[in-house]
> 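This is the structure I want to talk about, given as C-alpha cells.
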Amino acid sequence: MSQETVHELILRRHEKLKELYGRGVEPFGEKYSVSHQAQEILEHFEELEGKEVSVSGRIMTMRGHGKAGFANLQDESGQVQIYARLDDLGEEAYECYRLLDIGDIIGVKGKVFRTRKGEITVSITEFQLLSKSLRPLPEKWHGLKDVELRYRQRYLDLIVNPQVKKVFILRSRIIQSIRDFLNHQGYLEVETPTMHTITGGASARPFVTYHNTLEMNLYLRIATELHLKRLLVGGFDRVYELGRIFRNEGISTKHNPEFTSIEVYKANADYHDMMELTENLVAHAAEKVLGTLQITYQGKDMDLTPPWPRMTMLEAIKTYSDYDFSTITTDEECLKLARKHKLEVYNDTVRGEVINLFFEHFVERHLVQPIFIMDYPLEVSPLAKRKKDDPNFTYRFEAFMAGSEIANAFTELIDPIDQRERFKKQVEKREAGDEEAHMMDEDFITALEYGMPPAGGLGIGIDRLVMLLTDSPSIRDVLLFPTLRPREDTGGA
RNA sequence: GAGCCAUUAGCUCAGUUGGAAGAGCACCUGACUUUUAAUCAGGGUGUCCCAGGUUCGAGCCCUGGAUGGCUCACCA
C-alpha cells in the first residue's frame, strides 16, 4: 500500500467517516462499559437467555437482510453474533448501522437469544461506534497468509488468525509458570544492565552503541551471566533474570537478533542440581500450560517426564559416530580426523574444540527426546568449573530436544586465578581474530577474588522452549515482532 | 555470507507456447426483518515487486536489484 495513492476501498471509508460526522456521530469514541465478553455469553447462555448484555468488539463479518442484519463481533475472548433490526434500533440508528464496515469497533447492548439455526446471538437495541476502521481487513475465510505481511503487520495477523493469538497467550503463560516455579523455590528475580562496558558470559558478537555524555561505546548484553554471579558474591543465594539478550549474528528459523533468556544461579549447588532444576522447570511449564508431558513437535512425539537421560559428550560422540575420543588424545590426531570430515579447523585448533565440532556434526540432530549432554571440553567452556578427574573437561551440560539446544548450564568456575587464565586464553583467540571470544573482565575477576560461593548456573532459551511447547517451526512464530529489514512503502514497520 | 524458491486487485490465488490482465472474498448499486463462507441481479477497482534488455509484441524470456521464505554457514 503506497502512502500517496489512496485506494478506493480506503476512500469509501473516509467518505463514510464524513457522513458519520455529518450525522453527529463521533467515530472515535470513548470507553464503553461492557457486561460480558463474547465467550462468556456463549458459555453462560442458559443464565443469560432473554437478559440484556453489553459487549464490545471488532466487526468481523456482516450479513445484511434489508431492514435487518447480522454481524460477528470479535473481542479478545472470541466472537459472538449480533442481530440488528430496524424495528429495534429505530430509523436513525439503523441508518448509522448501515454505515458500519467490517473492521469497525463497536459497543452494543441487547438481549441474548438463539436463532432458528441455533446460534447464540445478541439482538441489539442500541450500539455505539467506538473506532472507525479506515482500511479493509484481510479476507475473512483465508485470513492473512503472506508471512511477510503477517510479521510486519502482526496486528492484522492477530485480528484475522485466531491460532496466532493462542501461541502468544501460551508464551505468556509459559513465562508466568517459570516465574511461579522459581519464586516458589525462593529464587529472587533481579534486573541487571542490558548495556555493558565489556561483553561477556557467552561467545557471540555484540551490538555496539554509543553513549554521548560518557563519550564511550556500550555493548548490548549477550548474556546475563557475569552480573548474576556478582550477585552471588554479594550474598544472594538464589537469583534469576528473565530478559532480552542481543547477539549480532545471523537470522534464521532458530535465531533472532534479540531473544529472551532466563539465567538461574543457585549457591551451594552443582550441575547435577541444575539438571534436576531444568527438567523439573520444563515439565512444570508443560504441565501447567499444556496439561501434559507428552508433546508433539513437528510430527515428533516427545516425553518430557523427568528424569531425562544423561550422557557425556564423549559417550554421545561414540554412540553416533563410532569415534572414541577417550583414546584420541593428541591435538594432531584430532586435527587430522576433523579435516577428514571437512570440519572447519585451523592449525591451532585443539582437541577440545574438535570434540565439540564432532558433537555438533555427528550428534546434535539425533537428539530428539530430551537429554542432557554432560562434560564439555574446557576450551569451549571458559566459565565452567574443571572436572576433578579430568581437567580437560568441565562440569557443564546442555539440554537438547528436537535436535535443538534449549539449556546450557554448569557448575560455576569460582576460582579467580583459573578464571583469569581462561579469560587470557579467550583474549588470545580474540586477538587472533575470533570476534566471538570472550573479553577480559577485570571487575568480574575482582568480584571472584572476594569469594563466590560454589554454585550451579543455568541458562534457558525461552523462545526455543516456547517453540517446542507450541509446536512452532520458526522462532518468528513465537516473537510478536521478529526482526525484519524495513520496507520503504510501509513507513518502515 | 552462499544456494534454491516466491512476489499478479485490499486479501487468497489462477494466468496454457510470448499474442486484448482473471476468479473468489472484500467493495459499490439494487432486492431481502432469524442469516452465518447468507442469497439473488448488476459493477473490475491493477506500477503483474523495481530497473534495464531481447522481441512486431513481455505477467511469461534474459541481466541486475529489492523484500520475504527455505536450506546451509554462524549461533542460542
Side-chain angles (χ1 to χ4, degrees), chain A residues 1-2 4-13 15-16 60-72 79-89 94 101-103 113-121 123 133-153 156-157 159-161 201-205 222-223 245-263 343-344 360-361 364 398-400 404-408 434-436 459-465 467 473-476 482 484-490:
Chain A
M1 172 62 55
S2 149
E4 302 86 48
T5 57
V6 179
H7 192 273
E8 182 212 333
L9 296 179
I10 294 172
L11 215 63
R12 298 272 184 208
R13 294 193 174 213
E15 284 166 5
K16 286 184 182 174
M60 298 304 288
T61 60
M62 295 183 89
R63 297 172 290 281
H65 292 267
K67 297 187 177 62
F70 290 93
N72 281 80
Q79 291 193 6
V80 67
Q81 178 168 265
I82 62 169
Y83 179 48
R85 260 168 39 120
L86 170 63
D87 293 349
D88 297 333
L89 285 174
Y94 193 71
D101 283 306
I102 289 174
F113 78 112
R114 201 190 276 273
T115 64
R116 277 179 208 155
K117 296 286 175 70
E119 177 141 356
I120 295 164
T121 302
S123 179
S133 174
L134 297 174
R135 285 172 183 266
L137 282 180
E139 207 217 8
K140 63 180 174 189
W141 190 243
H142 298 93
L144 185 65
K145 288 194 170 171
D146 185 315
V147 283
E148 187 175 348
L149 287 182
R150 286 185 47 220
Y151 297 151
R152 286 192 194 282
Q153 295 181 276
L156 290 181
D157 195 25
I159 290 170
V160 302
N161 296 328
S203 302
R205 284 157 63 193
I222 57 172
I245 301 292
F246 309 86
R247 296 189 185 173
N248 208 337
E249 311 276 358
I251 296 178
S252 78
T253 47
K254 288 181 180 174
H255 302 87
N256 197 67
E258 51 179 310
F259 63 100
T260 301
S261 86
I262 184 168
E263 287 191 31
L343 301 178
E344 195 182 332
E360 288 171 0
H361 184 255
E364 267 193 28
E398 292 190 346
F400 288 85
S404 202
E405 179 201 329
I406 62 149
N408 176 25
D434 184 350
E435 287 182 80
E436 290 167 8
I460 297 177
I462 294 293
D463 311 280
R464 295 260 176 98
L465 182 61
M467 283 169 69
S474 168
I475 195 168
R476 295 178 201 105
L484 294 177
R485 279 191 166 88
R487 283 189 75 106
E488 291 169 16
D489 57 3
T490 55

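Convention: sequence-line order gives letters A, B, ...; per-chain numbering from 1.
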> Between B/rU29 and B/rG18, how far is it from one C1' atom to the other, in whole Å?
39 Å

> In whole Å, what separates the P atom of B/rG22 from that of B/rC32?
33 Å

> NA contact type, A/Gly64, heavy-atom cut-off 4.0 Å: base, sugar-phosphate, or nothing?
base

> Tell me which of A/Arg114 and A/Arg464 sits closer to the 5' end of RNA chain B, going by the nucleotide each one is nearest to.
A/Arg114

> To the nearest 0.5 Å, tell me how far A/Leu137 CG sits from A/Leu156 CG.
7.0 Å

> Heavy atoms only, 4.0 Å cut-off, all strands: where does A/Glu119 land among base, sugar-phosphate and nothing?
base

> Nearest to the side chain of A/Pro138 - B/rA76, B/rC11, B/rU36?
B/rC11

> Can you tell me which nucleotide in B/rA76, B/rA73, B/rU45 comes closest to the side chain of A/Ser252?
B/rA73

> Taking the side chain as every heavy atom from C-beta outward, state whether A/Arg13 and A/Arg135 have any pair of such atoms under 4.5 Å apart.
no

> Suppose you measure atom C1' in B/rA14 against the same atom in B/rC60; what distance do you get, rounded to whole Å?
14 Å

> Between B/rG3 and B/rC13, how many Å separate the two C1' atoms, rounded to a whole number?
28 Å

> Taking the C1' atom in each of B/rU47 and B/rG42, what is the distance between them to the nearest angstrom?
29 Å

> Where the side chain of A/His7 is concerned, which of B/rU35, B/rA76, B/rA9 is the nearest nucleotide?
B/rA9

> In the strands shown, is B/rG64 matched to any nucleotide by a Watson-Crick or G-U wobble pair with both distances under 3.5 Å, and which?
B/rC50

> Base, sugar-phosphate or nothing for A/Phe113? Non-hydrogen atoms, less than 4.0 Å.
base

> My understanding is that a pair needs two contacts under 3.5 Å, Watson-Crick or G-U wobble. By that rule, which nucleotide pairs with B/rA58?
none

> With the side chain of A/His65 defined as its heavy atoms from C-beta on, choose the nearest nucleotide among B/rC70, B/rC32, B/rC13.
B/rC32

> Using atom P of each nucleotide, how far apart are B/rA37 and B/rU63 to the nearest Å?
48 Å

> Find the partner of B/rC70: check Watson-Crick (N1-N3 plus N6-O4 or O6-N4) and G-U wobble (N1-O2, O6-N3) distances, both under 3.5 Å, and reply none if neither fits.
B/rG3

> Please give the distance between the C1' atoms of B/rU71 and B/rU55 as a whole number of Å.
37 Å

> Would you classify A/Glu398 as touching base, sugar-phosphate or nothing, given that sugar-phosphate means primed atoms plus P, OP1 and OP2, and contacts are heavy atoms under 4.0 Å?
nothing

> Please tell me which of A/Thr121 and A/Lys145 maps to the more 5' nucleotide of RNA chain B, matching each residue to the nucleotide holding its nearest heavy atom.
A/Lys145

> Nearest 0.5 Å, please: how far is OG1 in A/Thr61 from CG in A/Asn72?
3.5 Å

> Quick one, A/Arg150 with A/Arg476, criterion side chain to side chain contact (heavy atoms under 4.5 Å, CB included). Give me CA distance, side-chain angles, the key distance, then yes/no.
CA-CA 10 Å; A/Arg150 286 185 47 220; A/Arg476 295 178 201 105; over 6 Å; no

> Contact class for A/Asp88 vs. all strands (heavy atom < 4.0 Å): base, sugar-phosphate, or nothing?
nothing

> Compare the minimum distances between each of B/rC70, B/rU34, B/rC13 and the side chain of A/Thr253, then state the nucleotide with the smallest one.
B/rC70

> Counting only side-chain heavy atoms from C-beta out, which of B/rC74, B/rU67, B/rU33 sits nearest to A/Glu344?
B/rC74

> Tell me which nucleotide among B/rU35, B/rC74, B/rG68 gets nearest to the side chain of A/Glu249.
B/rC74

> Determine the interatomic distance between C1' on B/rA9 and the same-named atom on B/rA21; round to the nearest Å.
10 Å

> Report yes if some heavy atom in the side chain of A/Lys254 is under 4.5 Å from a heavy atom in the side chain of A/Ile475; otherwise report no.
no

> Hunt down the Watson-Crick or G-U wobble partner of B/rU39, both distances under 3.5 Å, from any strand shown, or write none.
B/rA31

> Do the ring planes of A/Tyr83 and A/Phe113 sit parallel (below 30°), tilted (30 to 60°) or perpendicular (above 60°)?
tilted

> Report the base-pairing partner of B/rA23 (Watson-Crick or G-U wobble, both distances below 3.5 angstrom), or none.
B/rU12

> Is B/rG18 paired to anything, Watson-Crick or G-U wobble with both distances less than 3.5 Å, and if yes, which nucleotide?
none

> Once each nucleotide of nucleotides 24-29 of chain B is scored for protein heavy atoms under 4.0 Å, what B/S/- sequence comes out, 5' to 3'?
BBSSS-

> A/Asp87 has a side chain; which of B/rC11, B/rU35, B/rU33 sits nearest to it?
B/rU33

